[in-house]
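Down below is the structure, laid out as structure tokens.
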Amino acid sequence: MIVAVVGVVLVAVGVLLLVLPGPGLLIVLAGLLVLATEFPAVDRYVVPVRRRALRAADDSVSSPLRIAASIAGGLWLIGAGVAWGLVDWLPFAGWSAGTSLILSGFIVLGLVVWSYRRTRTRQRAGTHD
């Protein structure tokens, strides 16, 4: 039961992050992987989502401009989170919104590093997924 709840929450958050700032497809993938441990029928969705998520991760580091934009986006999220925590007149102001933005920013930066390392390792090895 707990596994199912965690999986559904991850999928729901991932779907929200598809339109909000954050790594939506990777979070959806994590949720599907969790759900697939309890519900084998979910497994059929894992491969197509994994393929799209990894392609998006590769695309995010495919050029120096994209890497810079991804890093700038992560830093912007962290800065926006601090602003949302400190500035009272912003909509939904407070540290609950600010913390989620800051966390999203760190996740983006971590995923940029992960994507960069993954892509460079695959290029050196001459393999493609």
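Here the structure is a predicted model, which means the values were calculated and not measured.
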Can you check whether Val112's main-chain N or O pairs, donor with acceptor, with Ser115's side chain at less than 3.5 Å? no
How about Arg52: does its CZ atom have over 12 heavy atoms from other parts shown lying under 6.0 Å from it? no
In terms of hydrophobic clusters joined by side-chain contacts under 4.5 Å, are Ile107 and Val113 together? no
Using the rule that two of Ile, Leu, Val, Met, Phe, Trp, Tyr join whenever any of their side-chain heavy atoms come within less than 4.5 Å, decide whether Leu77 and Phe106 are in one cluster. yes
Validation: residues 26-47 side-chain donor-acceptor distances under 3.5 Å, sequence neighbours left out:
from: Thr37; atom 1: OG1; to: Val34; atom 2: O; distance (Å): 2.5

Let me check something: any side-chain donor-acceptor pairs from residues 78-98 under 3.5 Å, sequence neighbours excluded? List them with distances.
from: Trp84; atom 1: NE1; to: Pro91; atom 2: O; distance (Å): 2.6
from: Trp95; atom 1: NE1; to: Gly85; atom 2: O; distance (Å): 3.2

Could you state the interatomic distance from CD (Gln123) to CZ (Arg118), rounded to the nearest 0.5 Å? 11.0 Å
Distance col, row Thr119:OG1 vs Arg124:CZ, nearest 0.5 angstrom, shows 10.5 Å
What pair of heavy atoms forms the shortest contact from Arg122 to Asp58, and how long is it? NH1-OD2, 2.9 Å
From CD1 (Ile67) to OG (Ser62), nearest 0.5 Å: 8.0 Å
With hydrophobic residues grouped by side-chain heavy-atom distances under 4.5 Å, do Val11 and Val8 end up in a single group? yes
